[in-house]
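In this text the structure is predicted, and so the values were computed from the model without any measurement.
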Amino acid sequence: MEDRVQQVIKKLEHLPSDRLSEVEDFIDFLSQKDREHRMRKDFAQGAEASFQKVWDNEDDSAYDEL
């Protein structure tokens, strides 16, 4: 991976400063996207325990067979 980082750095060195701002914005976008994905995943895992009682009840056993 270090080689890949060095390749990207070399490419960045040849970009004009206005393009570097665009690259930085894109990196920030990707980081935010990853944080949101992790947050949704963590929330879903946390909510799963809360909903387990509702999902595994006898009252809706007819729906479980669908």
query = Can you get from Leu15 to Ile27 by hopping between Ile, Leu, Val, Met, Phe, Trp and Tyr side chains that sit under 4.5 Å apart?
reply = yes
message = For residues 14-27, which residue pairs pass the side chain to side chain donor-acceptor pair (under 3.5 Å) check, not counting sequence neighbours?
response = Arg19-Glu22
note = To the nearest 0.5 Å, atom CZ of Arg35 lies from atom CG of Leu30 at 10.5 Å
Validation: residues 36-46 side-chain donor-acceptor distances under 3.5 Å, sequence neighbours left out:
{"residue": "Glu36", "atom": "OE2", "partner": "Gln32", "partner atom": "NE2", "Å": "2.9"}

